[in-house]
Structure formats: structure tokens, C-alpha cells
Amino acid sequence: MDIYCCRVFRRLISYLWAKLMKITFLLFMCFFGHGGIAQEDARKDTLNESILIDKLFDTADDMVGLFSGKSWTFIPAVTYSPETSLGLGVRALRIFRDSETLITRPSTMPITFLYTLKKQIVFTTALDIWMNENADNLKARIELTDYPFKFYGIGNELLAENEESYATRYVHFQLEYQKLITPGLYLGPKYEFRADDIYQTETGGLLGTNQVSGSDGQRISGIGLVLNYDTRNNIFQPDKGSFHQVSVMSFQPFLGSNFTFSQYQLDFRKYIKVYDHQILAVQAWYSFTAGHPPFQHVSLIGGSDLMRGYFEGRYRDLHAMAYQAEYRLPIYRNLGLVLFGSAGQVAEKVTSYAINRFKYGGGLGFRYKFSEEGLSLRVDIAFGDQAAFYFGLNEVF
């Protein structure tokens, strides 16, 4: 199904790209050509094409405006990824500011209900509040999910034949507060809780025979510290600045966790304006786990955020690293194009990392900005160990 969908969308992209090249050529002829019937015909074709394209964009803007209100925006929630297949639901989104000044960054509150063709049910709500002219940042997120999924084992060299299905119901809660301690530098505590009820496994599989930690469910509860260095000029569509994060979490029995482990993550992002509105965004991400974590909470790569083109958790182990780069450029009005690539690997020991263990992926995508703050609809086609299609909200990083 995924491969078939990707073939269809590859054809669609080829068609759109051909149309884009034709429009570009006609515009060139119109503005830089010299006299003659051919130039006049080109001008007429260009005018007709421009009118048609502007009408299409006006219609798209009107549709967004139809679902938008002064306080809330209600849009159909349509997602697609290898992990979920097609997902349909509804999303409510509120963007607001703590004060009327534009100095304070926009706060967001999304609420999403989703049902997928893989019989997954997802309800999430989150809160990201910026206060006191960006001196304080409060984040909270809760997710309630019934989630049939896939597990391939632990390690960096796993065969596709290892795939086994399981299903879990879980609640996941995160709370984080950041305080500005010096320009661009934030520090604060974080709390995380997750409880899984794995109610279905494959007979004879790794999970079904309890060969993997957490295969009969989990309850984790942990506290930690998060240090952020954030100089982005826009939290949705930055074209300059950096976002660097260091996170330290400890999950202990006295907090209610039935697994004892610690996790350390490093996330480094940089945004560079290459030319006019063309942006190069790069990311280096590392995760280190110590102790005895459940398989759901080890370091992993894959999915719509890390290593598109690989199933989420396709490769997982105690440690993981991933590098990603995106080249973002405008096409027309609110429509943009993104070219991206990634490389990553997982390992039981840090000393096991090696150049020949990297997994590679890449692809292209389109963005349609639907709010003045910079929120966008995202469509990505990626190629890793499989061809994959993603449809969602906002940039990956």
C-alpha cells in the first residue's frame, strides 16, 4: 500500500514540477523576451496561467479562512505515514499571545482526535505558553492512545522478516517549565509519565515470549532538567538562529516507575539564510540510555521526525544518533518546496558506532503556510529502507 501510494504521488509531483517549469519559462519569456508574435503568445499564456494559479491559491486561502476563527482554528485532521497509514479526524488549534506586544512569542494549544486505517485511536492535547516577553515558557502534553504497532527487535542490523505485530493502550504525560537565565539560554525541570497496557502480541514472538524488557507493559515516571539555547527569530518558520537542547531524565521507583534507567539527549539545530528566502536547516541529535529501560523507551530512529523513510522504531538500542538537513525554498505565495536528507544509526555501546553502520534516507516535500505566524501543512515523500509518504502539520525541526 505504501509503495503504491508513493508511486501515485511521484507521478503527481512529476506533473506539478513540469507545470512549474512551464510557468517559469513563460514568465521568463514574458519579462525578458523581445517583441514578436511568440513573445505576445507567451504573455497571453502566462497571464492565463497566472490567473488560474492565483484563483487556486485564493480558493485554498478561503478554505483555511473558512475553518478559522478569532480564537480557534478548526481543520480536518488528515495524516499519512507508514506507522499509521491514512488517519482521519479533527484538529482544533489556538494561537495566542500572553500580551498584545509582538515581542512575546506566540503560544499554541492544539487538540487532535484521530482514527487510522490501522485501527489506531489517538487523542492528544498540548500547551506551549510563552510569558513575560519570552522570559518564561511552560509546556504540557497528554496523549491517550490505542495503538496497534510493529516491533523489529533491538539492534542496528535487523531484518524486515523480524517484524512482529503488537497492540498497546497507553497514557503519556509530559510537563516542562523553562526560565530565561541569560539572553537565549533557558533552564528548567521536566516531568514525564507513561503507562502501557500491551494487550496483544504474536504467539512465539519476542514480545509474546517475554524476551524483551517491557513486553508485558510498562509504567515509567521520571524527572530531569532541560537546558535550551534558543535564538530562533520564529518558532514555526525560522530563517536564522539556533535551537540547542540538552535533556537529562532519571526514572526511579520512588517516583512510581517500575523500570530504573536514565536518558540523556542532545539536540542541535541551526538555521541559515542562504539566499533571499531560501533556508538551510541542519540538525544533529543524540540519545544515550543507561540502566534497564523498557523497549518502548530506548533510543530509536525512524518515523516522521527522525529519519523519514524508515519505520518509527525500525532500529532501536541503548544509544542512537541522527543527522538531518533540509533545504527550504519558496515556490509561489504560500507554497514552498523542501529537499531533505538524513543519516543515523543505533548501538548497544557508544564504542560500536561506525561509518559503515549508518542508515541513509532522503526525499522532497511541499509546505503550505496557512497562518501569519508560519504554521504549515506538510507533505513529504521519503526514501530509506522503504518508500514512505507523510502528511502532517508544521516542519520536522
Side-chain angles (χ1 to χ4, degrees), residues 1-2 81-85 116-122 143 145-172 192-222 249 251 253 257-263 265 287-322 344-354 357-359 361 384-386 388:
M1 176 67 180
D2 295 336
S81 72
E83 295 79 21
T84 63
S85 184
T116 78
L117 294 185
K118 293 191 175 182
K119 300 181 179 179
Q120 298 154 331
I121 302 173
V122 180
E143 183 175 358
T145 302
D146 187 342
Y147 214 70
F149 210 56
K150 295 178 181 179
F151 177 65
Y152 292 87
I154 306 292
N156 195 65
E157 305 299 333
L158 302 172
L159 300 176
E161 292 75 21
N162 292 359
E163 175 188 307
E164 58 183 86
S165 300
Y166 73 98
T168 178
R169 300 185 185 97
Y170 69 81
V171 55
H172 192 189
E192 183 173 1
F193 173 86
R194 174 167 167 162
D196 279 73
D197 171 27
I198 297 180
Y199 63 90
Q200 182 179 319
T201 58
E202 286 190 11
T203 303
L206 292 174
L207 300 180
T209 54
N210 293 324
Q211 297 182 51
V212 178
S213 178
S215 58
D216 56 351
Q218 66 156 342
R219 184 181 67 253
I220 62 169
S221 179
M249 294 293 297
F251 301 86
S257 178
N258 57 7
F259 289 87
T260 304
F261 66 101
S262 298
Q263 196 160 64
Q265 291 190 350
S287 179
F288 308 94
T289 312
H292 304 283
F295 79 93
Q296 302 99 320
H297 222 77
V298 296
S299 304
L300 56 86
I301 58 176
S304 61
D305 293 330
L306 282 171
M307 299 286 295
R308 282 160 286 181
Y310 292 85
F311 194 89
E312 182 180 353
R314 176 66 173 85
Y315 300 100
R316 64 179 78 200
D317 214 320
L318 291 178
H319 313 300
M321 66 166 65
Q345 61 178 292
V346 302
E348 183 179 7
K349 300 178 181 179
V350 174
T351 54
S352 298
Y353 283 138
R357 289 167 53 88
F358 273 109
K359 315 295 181 184
D385 65 351
Q386 63 176 329

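Predicted model only: the values in this text are computed from it and were never measured.
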- prompt: For V171 and F193, what are the C-alpha separation, side-chain angles and deciding distance, and is it a side-chain contact (heavy atoms from CB on, under 4.5 Å)?
  reply: CA-CA 8 Å; V171 55; F193 173 86; 4.1 Å; yes

query: What pairs with H297 under ring pair (Phe, Tyr, Trp, His ring centres under 6.0 Å), at least two apart in sequence or on another chain?
result: F251, F261

- request: Apply side-chain contact (heavy atoms from CB on, under 4.5 Å) to F149 and Q120, showing your working.
  value: CA-CA 9 Å; F149 210 56; Q120 298 154 331; 4.2 Å; yes

message: Quick check: do E202 and F151 have side-chain heavy atoms less than 4.5 Å from each other?
response: no

field: cation_pi(K359, Y315) dist<6.0 Å, angle<=45
entry: yes

- prompt: By salt bridge (charged side-chain N to carboxylate O under 4.0 Å, His left out), which residues pair with R308, not counting sequence neighbours?
  reply: E326, D380

- prompt: Just by distance, with hydrogens left out, do D146 and Y199 show a side-chain donor and acceptor under 3.5 Å apart?
  reply: yes

- request: Decide yes or no for T201 and S215: does some side-chain heavy atom of the first lie under 4.5 Å from some side-chain heavy atom of the second?
  value: no

field: Counterpart residues, side-chain hydrogen bond (donor to acceptor under 3.5 Å, both in side chains), relative to S304 (two or more places apart)
entry: none

Closest approach of I301 to A320 (non-hydrogen atoms, all atoms of both residues): CG2-CB, 4.2 Å

side-chain contact (heavy atoms from CB on, under 4.5 Å) assessment of V350 paired with F288: CA-CA 8 Å; V350 174; F288 308 94; 4.0 Å; yes

- prompt: Looking at side-chain heavy atoms only, is the closest gap between N156 and D317 below 4.5 Å?
  reply: no

query: Within the distance-only criterion (no hydrogens, no angle test), does the side chain of E164 pair as donor or acceptor with the backbone N or O of L206 below 3.5 angstrom?
result: yes

statement: Sorted by chain and residue number, the side-chain hydrogen bond (donor to acceptor under 3.5 Å, both in side chains) partners of Q296 (sequence neighbours excluded) come out as none

task: Please check if atom CD in E348 has more than 12 non-hydrogen atoms from other residues, nucleotides or ligands closer than 6.0 Å.
output: no

- request: Specify the closest pair of heavy atoms between A322 and M307, including all atoms of both residues, with the distance to one decimal.
  value: CB-CG, 4.4 Å

- line: Heavy-atom nearest pair, Q263 first then V298, reads NE2-C, 3.9 Å

task: Go through the structure and list residues passing ring pair (Phe, Tyr, Trp, His ring centres under 6.0 Å) with Y166, not counting sequence neighbours.
output: F295

pair L158-R314: side-chain heavy atoms closer than 4.5 Å: yes

field: Worked verdict on I154 versus R316 for side-chain contact (heavy atoms from CB on, under 4.5 Å)
entry: CA-CA 5 Å; I154 306 292; R316 64 179 78 200; 3.7 Å; yes

field: For Y170, ring pair (Phe, Tyr, Trp, His ring centres under 6.0 Å) partners two or more places apart
entry: none

- prompt: Is any side-chain heavy atom of S85 less than 4.5 Å from a side-chain heavy atom of K118?
  reply: yes

message: Between T116 and T84, is there a side-chain donor-acceptor contact under 3.5 Å, judged purely by atom types and distance?
response: no

